[in-house]
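A short write-up of the structure that comes next.
Predicted model, so just to flag it, every value in this text is computed and none were measured.
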Amino acid sequence: MKRLWTIPELIDRWALTEAERALVDAAREPHTRLGCACLLKFFQLDWRFPRARAELPDAAVAHLARQLGVPAISFLQYDWDGRMATHHRAAIRAFLGVREATVADQQAVTDWLVAQVLPQTQQPEALRAAFIDRCRAHGLEPPTPQRVERHLRTAVAAFQEGLYATVLHRLPAEARAHLDDLLAVAPASEEAADAAGRSALADLKAEAGPLAVETVRQEAAKLARLRALGLPPDLFAGVPPRLLDGFRQRVVAEELHELRRHPVARRLTLLAAYCRLRAEELTDTLAEILIDAIQHIHVRAERRVERALLRDLKRVTGKQALLFALAEAALARPDERVREVIYPIAGEERLRELVREHKATGPAYTRQVYTVMRASYSAHYRRLVPLILGALEFRSNNEAHRPVIDALALLARYAAVPGTQPYFALGEEVPLAGVVRPAWRDLVVERGKDDRGRVNRINYEIAVLHTLRDKLRCKELWVVGANRQRNPDDDLPTDFAEQRAGYYAALDLPTEAEAFVAKLQHDLAAALAALDADIPTNPAVKLLTKGGGWIALTPLDPQPEPVNLDRLKAEVGRRWPMTGLLDMLKEADLRVGFTDLFATATAREHLDRPTLQKRLLLCVYGLGTNIGLRRVAAGDHGQGERDLYYTRRRFMTRDALRAAIARVVNAVFAARRPDLWGEATTACASDGKQFGAFDQNLLTEWHARYRSPGVMVYWHMDKKAACIYSQLKRCSSSEVAAMITGVIRHCTEMAIDRQFVDSHGQSEVAFACCNLLGFRLLPRLKALHAQKLYRPEAGQPEAYPHLQPVLTRPIKWDLIRQQFDEIVKYVTALRLGTADPEAILRRFTRTSVQHPTYAALAELGKVYKTLFLCDFLRLPELRREIHEGLNVVENWNSANAFIFYGRAGEFATNQREDAEVAMLCLHLLQLCLVYINTLLIQRVLAAPDWAARLTVEDLRALTPLVYANVNPYGLIRLDMAQRLPIDEEAA
């Protein structure tokens, strides 16, 4: 049962009908009436009776008490385990037509899970919900939670055993033998000394190194070995991807001897699942290496040329006047010498500067960049091409890109031709149109004295690879056997035509495009009219005519300083001085129980829970502070280094850490006092922070803004410092996709309807997608002065007279109408998570303007962006809310350095999974600090004298993300029996 309920939700879900009032009024005493009502409404919502009084949300109890006209505090008098409660449960069952589930009923539900639900999902929450829903549909009261969990484990085991047998049946005998060979250890020999004692499976698990020829060779060899296994294409047909990922995690966690001792069917299924997913990863890796190599060549060439040119470049001013003077002098004295006519007007040095400027900005610059690229490519990177093209198969769903496929086939055929042959054969058909950029055509096709064009092989390869990179990035080309670079049609829901009405209803959209467009037209006209009426009386906003239209916005006045927060922080520090960060983590777990969510990725769990709990806390602390498990193991807690590494490998998966984070976030929401922190918030802010990282991998990139290599961590926060989601991403990846991912995939109780971002987290396509997904995108725009407002319709040039300087063309409504169905299809794919948001949004970039759905999404985004700008300029409270939300993220980022202090705050690994686990541990550790500080602050403010001190400004600025009272350093001690004195007065 969730803890936070809005007023509309309480009215909708916790209101008593007349029949329900009659049932409740049968009880005589006020507290028994309220207790009966609470049992009834709780059962209707969760289809079970609450196990304890604390499960009932306070807001719901208060709402029921108001309906019954009894004091809410009387609920505390209700005897939870008494005869009256038993009588009420029986009466509620009779009222609802429910009976307790028998053993046969429970077994029937379990069998139904195996047949219908488990082939779709293996998520524990989803299975639990399906079990309860099945009981609800058949009028059965579910058994106790312990028995439900037992039935779920039985169902999962039965389903997996059936799946193991099916996969074994589908595997050819040769593939079975090849899979078992992966577990064989290479014998020691002089020829393979480096591989002695290692299995082929261990080699397959190794991550890719830096961008280098040897990395490509190693990854291509791994992919070739996996393809040689001969796994049937339909081996895992109908198996949920998350289940396959669970099998993969299990293979990663288990040692060789553990894998060998599994029964044959289970062992081969686990290995086959790992190999299938690993082959997809390697295919994606090779495609990304190709994309990165092309980008690397181009960027390095541009930098070298720019450095050389900047040494000589001096921009010449007044070129037009100079050109006129030169033309006038040449026409007046055409027969005289240049030195006598031209030089006196311009001067020889000024003419040289003109020549250098032209070389730095005109076609000569492009030629110089291409020359440097050619040298770098031919000397080193050219060796990558045969390896990658031999390992990858490129396809397209659009015949317009057939020339690129043909060009790649041509390069593959000529891969074995020595470099001493600089041109393609004369009779060879070389695709040029749609492959070679027009600006590079003269560089690729060289013309001799006989004026016959010969295609230079190296120049053509560079042109083809640049085009390939562009097409792969926007998914106009895709790679067979890949996951992220897969067929873009696989990203969309396959049943959209059959489930169209349901998908529209899920997005709360009308099924007719005309109704959708009509509402937008009305909203846009109303927003522009409201802003037009506000401009004459709004001193903060000026619309100027300079620069083709300019928005001048006066910054907001500073808000009053909170006067009591420093005293409050000092009081917290006085009562709980220098509280250990590890003690805060331990206290949060003892209260919330997030370590219960960590289960082994293997079949058996031998550790007792108290020991496992202790080890998990130490691992989270070591990874979250970045000091490492070795230093943590040296502390005073009785756990060794091998114990911690074992726990990290077996239990600390990304899914378990995300589930733990969600549980702590929900605990923060439940613990907050509304009079201090406000009602349940629906606003979220997101931003990224760069962290340093080892660079011998494909994740670390140079960041143009921070001027250093590293990775980005993207955070999603509520307005009171509860971080609900985090992501590890490349510096060049889309912040728009990261923003949408966090809003969709966070598993907390927070319902987001507003999303604050900075300029990098917004785009026109993002405005369209976010609003269709049900939340408003509210960015802090850096280039606000250059924004334009779009007209709702043509034929009214004089409408909105005060907005004329920044008004532009009308919206193309016909384009939105034509592509409305396709737009909803892509947004549905984002909502369902059929593919990564970045993979979907990558199709809609500025390089794919010809894509009609992109054009329609961009046009729709212009509508929503105009609506946002009208509100942003008109409402100062909206501008302030956006700034406050983003400042919360900045404060969270500043606390990262305090907690993640080990190894200079750098991700000291080249393994992507290890880096992501470290990020999630940092997230969990910092979140536990927020949770405990929330309790400490509320404990201080429970005193009447303190509560009376806080002003409106104090409450506005109140945050639990403070750490002056926290000590993350020193000797690491962990005593599970010692608690923080929060609930009683601290000395």
Residue pair Glu288, Arg730: steps toward the side chain to side chain contact (heavy atoms under 4.5 Å, CB included) verdict: CA-CA 12 Å; Glu288 289 169 3; Arg730 301 174 70 167; 4.1 Å; yes
Steps toward side chain to side chain contact (heavy atoms under 4.5 Å, CB included) verdict (Leu465, Tyr377): CA-CA 11 Å; Leu465 294 177; Tyr377 174 76; 3.7 Å; yes
Chi angles and distances behind the side chain to side chain contact (heavy atoms under 4.5 Å, CB included) call for Leu410, Val464: CA-CA 10 Å; Leu410 177 64; Val464 171; over 6 Å; no
Test log, rule side chain to side chain contact (heavy atoms under 4.5 Å, CB included), inputs Gln727 and Tyr725: CA-CA 7 Å; Gln727 301 164 72; Tyr725 198 77; 3.3 Å; yes
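The distance from the CG atom of Leu271 to the CG atom of Asp180 is 7.0 Å, given to the nearest 0.5 Å. Rounding to the nearest 0.5 Å places OG1 of Thr467 at 7.5 Å from CH2 of Trp440. In this structure, SG on Cys769 lies 5.5 Å from CG on Leu841, to the nearest 0.5 angstrom. Ile661 CD1 to His746 NE2: the interatomic distance, rounded to the nearest 0.5 Å, is 13.5 Å. Glu219 contributes atom CD, which lies 10.5 Å from atom CD1 of Ile388 (distance to the nearest 0.5 angstrom). Interatomic distance, CZ of Arg225 versus CG of Asp203, reported as 8.0 Å (0.5 Å rounding).
Sparse packing is recorded around CZ of Arg630, with 12 or fewer heavy atoms of other residues, nucleotides or ligands lying under 6.0 Å away. For CD of Glu428, the number of neighbouring non-hydrogen atoms (other residues, nucleotides, ligands) closer than 6.0 Å is greater than 12. The environment of CD in Glu429 is sparse: at most 12 heavy-atom neighbours from other residues, nucleotides or ligands sit within 6.0 Å.
A side-chain donor from one of Glu701 and Ser732 sits under 3.5 Å from a side-chain acceptor of the other. At a cut-off of 3.5 Å, with distance as the only test, no side-chain donor of Tyr414 or Glu461 sits close to an acceptor on the other residue. A donor and an acceptor atom, one from each side chain of Asn910 and Gln696, are nowhere located under 3.5 Å apart. A donor-acceptor contact under 3.5 angstrom links the side chains of Asp489 and Asn397, judged on distance only. If you check the side chains of Trp715 and Asn893, you find a donor sitting under 3.5 Å from an acceptor.
A pairwise comparison of heavy atoms in Ala737 and Ser734 identifies N-OG, 3.1 Å as the closest pair. Contact record, Arg170 with Asp234: NH1-O, 3.1 Å, taken as the closest heavy-atom pair. Annotation for Cys731 and Gly710: closest pair SG-O, 3.3 Å, computed over non-hydrogen atoms. Nearest heavy atoms, Thr215 versus Ala208: CG2-CB, 4.2 Å. Considering every non-hydrogen atom in both Cys619 and Met652, the closest pair reads CB-SD, 3.2 Å. Across Glu906 and Asn626, no two heavy atoms sit closer than the pair O-ND2, 2.8 Å.
Using a 4.5 Å heavy-atom threshold, the side chains of Arg654 and Val917 count as touching. Here the side chains of Arg437 and Asp470 are in contact, with some heavy-atom distance below 4.5 Å. Under the 4.5 Å side-chain criterion, counting only non-hydrogen atoms from C-beta, Cys275 is in contact with Leu182. Arg395 is listed as a side-chain neighbour of Val480, based on a closest heavy-atom distance under 4.5 Å. Between Ile405 and Lys471, every side-chain heavy-atom pair lies at or beyond the 4.5 Å cut-off. Residues Arg457 and Arg382 have side chains in contact (heavy-atom distance under 4.5 Å, counting atoms from C-beta outward). At a threshold of 4.5 Å between non-hydrogen side-chain atoms, the residues Tyr854 and Val765 count as touching. Side chains of Pro422 and Ile458 form no contact here, defined as non-hydrogen atoms less than 4.5 Å apart.
Salt-bridge check for Arg658 with Glu916: passed, with a basic side-chain N closer than 4.0 Å to an acidic carboxylate O. Salt bridge annotation for Arg649-Glu255: present, with a cationic side-chain nitrogen under 4.0 angstrom from a carboxylate oxygen. A salt bridge is absent between Arg486 and Asp284; no separation between the charged side-chain nitrogens and carboxylate oxygens falls under 4.0 Å. Note on Glu393 versus Arg227: no salt bridge recorded, every NZ/NE/NH1/NH2 to OD/OE distance being 4.0 Å or above.
Of the possible polar contacts, one joining the Arg278 side chain to the Leu204 backbone as a donor-acceptor pair under 3.5 Å is found. Within the 3.5 Å criterion, the main-chain N or O of Leu411 finds no donor-acceptor partner in the side chain of Tyr460. Distance alone, capped at 3.5 Å, places no donor-acceptor pair between the His923 side chain and the Met919 backbone. Under a 3.5 Å cut-off, the side chain of Asn487 and the backbone N or O of Trp478 do not form any donor-acceptor pair. A donor-acceptor contact shorter than 3.5 Å is absent between the side chain of Thr909 and the backbone of Ala915.
For Phe900 and Phe907, the ring centers sit closer than 6.0 Å to each other.
Because its NZ or CZ atom is not both nearer than 6.0 Å to the ring centre of Tyr274 and within 45° of the ring axis, Arg250 does not count as a cation-pi partner of that residue.
Of the residues listed (His178, Glu174, Arg176), the one engaging Leu229 in a side chain to side chain contact (heavy atoms under 4.5 Å, CB included) is His178, and it is the only one.
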